[in-house]
Visitor: 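Before I ask anything, let me first share the structure, which is written out below as structure tokens.
Only heavy atoms go into these numbers, but all of them, side chains included; no hydrogens, no water, no symmetry mates.
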Amino acid sequence: MDPSVGPRIGVVTFPGSLDDQDALRAIRLCGGQPVPLWHGDDTLDDVRAVILPGGFSYGDYLRCGAISRFAPVMTEVIKAAHDGMPVLGICNGFQILCEAHLLPGALIRNDVRVFVCKDQDLRVESVDTTWTSDFTQGQGITLVLKSGEGGYVADEETLRRLEGEGQVIFRYVNGNPNGSFNDIAGICNERGNVVGLMPHPEHNVDSLTGPTQDGRAIFSSVINFLAARV
Amino acid sequence: MADTVGDAARTPDQAQPWAELGLKDDEYARIKEILGRRPTSSELAMYSVMWSEHCSYKSSKVHLRQFAELPTETPVGKLLAGIGENAGVVDIGQGYAVTFKIESHNHPSYVEPYQGAATGVGGIVRDILAMGARPIGVMDSLRFGPLHEPDTARVLPGVVAGIGGYGNCLGLPNIGGEVAYDHTYLGNPLVNALCVGVLRHEDLHLAKATGAGNQVILYGASTGADGIGGVSVLASESFDDAEGTNAGQAERSTEQVEAYPSTSSGRSSSTSSGRKPASKRPSVQVGDPFLEKLLIECTLEIFAAGLITGIQDLGGAGLSCATSELASAGDGGMHIDLDLVPLRNTTLSPEEILMSESQERMMAIVEPEHVEDFLAICRKWDVLATVIGEVTAGDRLVIDWHGETVVDVPPRTVAHEGPVYQRPYGRPEWQDQVQANGIDQLPRPAGGEELADTLLRLIGSPNLCDKSWVTDQYDRYVRGNSVLAQPDDAGVLRIDEYSGLGVALATDCNSRFALLDPYAGAQLALAEAYRNVASSGAEPLAITDCLNFGSPEDPAIMWQFSEAVRGLADGCRALGTPVTGGNVSFYNQTGSTPILPTPVVGVLGVIDDVTRRTSGGFSAAEHPIYLLGETRDELAGSAWAQVIHDHLGGRPPEVDFAQEKALAEVLIRASRRGLLGSAHDLADGGLAQALVESALRYGFGARIELPSEADPFVWLFSETTGRALVSVKEGADRDLASLCRINGVMLTKLGVVTAQEDASLEVVGQFMLPLTRIREAWQDTIPAVMATH
């Protein structure tokens with residue numbers, strides 16, 4: 001697909017974002033039109049989906065994502081998410097989505113107490129979201145996981161609701177790397193347009209530089225979804 | 001009140017603490033001669049810090065000249081910048097250049113492992129940035145005391161967390177390095193950090209201040225009390241009479257020497273008259289990687305906008321270094337108004353401001369019409385930027401404080417014309433005994449069972465075991481260009497997504513060999529890093545080095561150093577790989593015990609198409625396995641001698657650079673033609689280790705049949721150089737054989753890669769070990785020790 005005609009998908013760069021270039025590249029490789037967005041702007045530049053990338057926005061100071069959540073662009077992202085725009089938070093982006101209350105729960109320090117970088121096995125638990133429709137239910141995939149604060153926690157009622165409503169969409173298998181409750185690696189909101197996950201699909205789009213190409217389905221899911229709505 | 005130039009003229013005989021600051025009496029006399037008066041306390045601070053071993057290279061300079069005399073031609077072209085700049089710059093073709101450098105941050109990493117290692121990464125990254133390059137990756141060469149020592153459990157996790165905590169937050173993939181252990185590193189670990197950056201030829205920036213009227217801008221972090229006096233205090237030869245408990249030392253920007261004494265107590269220095277040493281300032285700096293990330297992006301945007309005339313990072317010796325070096329390298333003088341420096345601690349004296357080693361700061365020389373644009377980009381990135389002075393037409397570096405002049409010096413005398421020592425050196429008498437104490441008497445394993453047992457003990461030993469406990473704490477994926485990373489022999493980074501152009505990097509040093517023969521040991525380090533780069537399919541171009549040694553005041557250590565430099569220079573001449581720059585670290589010792597001489601070598605290579613890279617792991621069953629190169633009985637200093645017999649003596653393996661070049665040629669050509677399923681260099685642990693690592697990588701087995709005339713023990717464990725283990729794609733045997741014939745490389749068929757299912761390593765007629773058992777022995781060592789602390 002010619003990137004210039006693919007759907008416009010934005011990637012927000014916060015101060016301290018690191019995987020923003022990788023997310024932009026993944027969008028391009030999967031047929032979308034990558035659009036860099038700046039944290040200080042109050043426009044989404046006509047994009048049709050937004051990715052909050054990995055990194056250490058604002059140095060993770062205070063709490064991961066706690067400061068970024070107040071960036072001017074986030075006002076627009078939150079509004080658009082409520083209107084149904086597909087929004088994906090990867091790693092630090094997931095933390096920001098939780099801080100912004102677009103997703104429930106929180107991410108805390110890994111139970112192993114150290115940063116973990118590994119090729120992590122996952123199971124796809126739900127294909128009923130804008131970002132996972134190209135997977136098959138129960139599919140086993142491997143994605144790069146690299147984080148120090150990736151332990152997903154939530155209160156019991158929230159966990160019950162997430163599990164009951166099918167909002168747990170990725171689960172760690174063959175070992176829980178960070179102490180996440182219920183082995184949760186990724187969740188979505190009730191509507192399924194907002195997804196957050198700790199592993200990095202943007203590092204799994206090219207067999208030369210990533211362990212697998214299992215991340216492509218995330219990007220193709222949203223691109224196909226948006227293309228079908230033109 | 002500050003000590004002004006006027007005061008200095010009025011009170012010529014006032015006593016000054018030059019000795020406390022590490023200056024010799026003749027050095028102090030020379031300062032007075034240069035200035036024609038006594039120095040002010042600010043000037044004294046500057047000279048003492050810039051003339052320290054760390055900054056001036058006074059002990060190593062006469063030897064390092066051999067590197068500068070090497071031809072600067074690489075296989076791809078001339079060096080674009082060489083020794084003397086912040087980092088060397090190598091042309092890699094297609095309009096791209098690469099800059100890389102390795103630097104030590106040893107002593108701070110012992111005092112405060114996390115911050116010491118973190119700021120080591122930060123410092124080398126700013127060096128690369130100051131060349132106009134985008135930093136694209138880091139590597140670390142680490143040495144610790146024995147793994148089981150309690151203090152290693154303090155130092156190692158702290159260092160690893162610091163490297164990860166800082167490097168991960170910068171978004172720089174950590175693509176490899178080394179971890180090794182020896183008791184001589186127990187009170188003196190080595191943390192050598194390498195950074196590589198990429199730039200277009202036209203973007204090269206050099207550290208000099210030119211053009212009278214151009215503005216001097218300090219940007220990045222505000223200046224605080226951290227790291228004050230680190231450099232100069234550590235250069236003083238003894239802390240025995242010093243107070244305080246917190247010794248530290250700083251990373252340095254340009255070609256640097258760091259130095260510190262053998263004892264671990266120390267004190268920060270304050271030279272204000274009337275202030276007692278009791279007013280302590282911390283000596284180990286505290287890093288803020290988030291600010292450094294902003295500094296990187298901000299600086300690259302400023303470069304792209306063409307707003308900079310000259311640039312320098314602030315590392316060791318802080319403003320003293322940046323102002324004097326920029327002015328010294330330029331064509332005029334410089335005037336600085338110290339009152340304009342943004343402070344996070346307003347009680348700092350001018351001497352302390354000049355010596356502060358607060359991290360994440362840069363200094364730029366900017367034409368007046370570009371200043372507003374420069375400041376605007378800094379505002380965009382929330383980076384503090386302040387004009388603090390200007391380039392002047394004169395030839396003096398003048399610094400004012402509260403309206404009075406506290407520094408007025410010829411900058412070259414501070415930065416580039418420091419003292420030079422011809423330290424005495426001599427081959428120690430014990431060297432003959434060490435070399436005479438060979439391995440002939442050591443019992444060797446006989447029979448399959450003993451060989452298998454030896455293999456398992458070796459692969460589980462700290463120096464040879466799985467390093468992923470360390471490397472899994474580093475992000476190796478960020479930026480999406482990591483084509484090979486640990487545990488491969490070399491890290492390979494893609495530079496251009498469309499052409500496939502990439503670079504390969506490896507660092508190596510076997511310090512045991514360097515003790516047996518420092519000349520050969522340095523060459524062995526060079527040969528191994530060179531071979532590792534070639535194993536990935538890349539062509540080696542140039543090197544950087546980090547020379548870690550004991551006290552230069554000991555003639556035996558100075559001899560080790562001079563031999564290592566001579567060995568490296570001769571080796572680089574033979575291989576056609578220039579030295580682009582590096583770092584010397586002296587005074588690495590615990591009490592009177594020096595570290596093993598540790599000349600770490602980093603080799604950079606280029607690969608035209610990264611899709612052609614060769615990985616170190618067997619990649620398919622049925623691929624035939626070959627050994628490239630000749631095997632001799634060379635086991636002195638080997639991993640076997642260490643692990644099984646705790647023995648270090650004899651003569652290290654011979655180095656034959658012609659053979660290394662021939663082997664590299666075969667590996668590079670075979671990679672370009674796509675002949676190889678894998679390639680793994682042979683080094684520590686010999687063929688056995690290479691077989692184990694090649695098999696474990698993707699879980700394939702191997703069936704090996706050694707030549708009938710071969711001594712299985714020698715073939716499995718000898719550490720003869722110039723060898724590599726390869727597996728060959730279907731039908732490519734003949735092409736490989738012809739490549740080896742043309743280049744004069746011995747080729748021996750060893751066996752075949754076997755299936756992943758129930759994989760095992762079989763040496764026919766000797767032993768068969770299930771891969772699961774091998775993996776267990778290999779991977780449990782470090783986690784098991786760390787779990788107990």
Visitor: Decide side chain to side chain contact (heavy atoms under 4.5 Å, CB included) for A:L143 and A:L122; before the verdict, give the C-alpha distance in whole Å, the side-chain angles of both, and the deciding distance to 0.1 Å.
Guide: CA-CA 7 Å; A:L143 296 180; A:L122 303 165; 3.6 Å; yes
Visitor: Which bit of B:R494 is near chain A, if near means a heavy-atom gap under 4.5 Å: side chain, backbone, both or neither?
Guide: side chain
Visitor: Looking at residues at least two apart in the chain, or sitting in another chain, which of them share a side-chain hydrogen bond (donor to acceptor under 3.5 Å, both in side chains) with B:Y96?
Guide: B:D496
Visitor: Below 6.0 angstrom between ring centroids: does that apply to B:W778 and B:W469?
Guide: no
Visitor: Measuring heavy-atom distances to chain A, does B:V610 have an atom under 4.5 Å in its side chain, in its backbone, in both, or in neither?
Guide: both
Visitor: Do the ring planes of A:F14 and A:H39 sit parallel (below 30°), tilted (30 to 60°) or perpendicular (above 60°)?
Guide: tilted
Visitor: Could you look at B:T611 and say if it's the side chain, the backbone, both or neither that has a heavy atom under 4.5 Å from chain A?
Guide: both
Visitor: Non-hydrogen contacts under 4.5 angstrom with chain B: give the residues of residues 57-67 of chain A involved, or none if there are none.
Guide: A:Y58, A:G59, A:Y61
Visitor: Please flag which part of B:E497 lies under 4.5 Å from any non-hydrogen atom of chain A: side chain, backbone, both or neither.
Guide: side chain
Visitor: So, using ring pair (Phe, Tyr, Trp, His ring centres under 6.0 Å) as the criterion, who are the partners of A:Y172 when residues are at least two apart?
Guide: none
Visitor: Hey, which residues of residues 69-80 of chain A are touching chain B, say heavy atoms under 4.5 Å apart?
Guide: none
Visitor: Does either side chain, that of B:D475 or that of B:N174, offer a donor lying less than 3.5 Å from an acceptor on the other one?
Guide: no
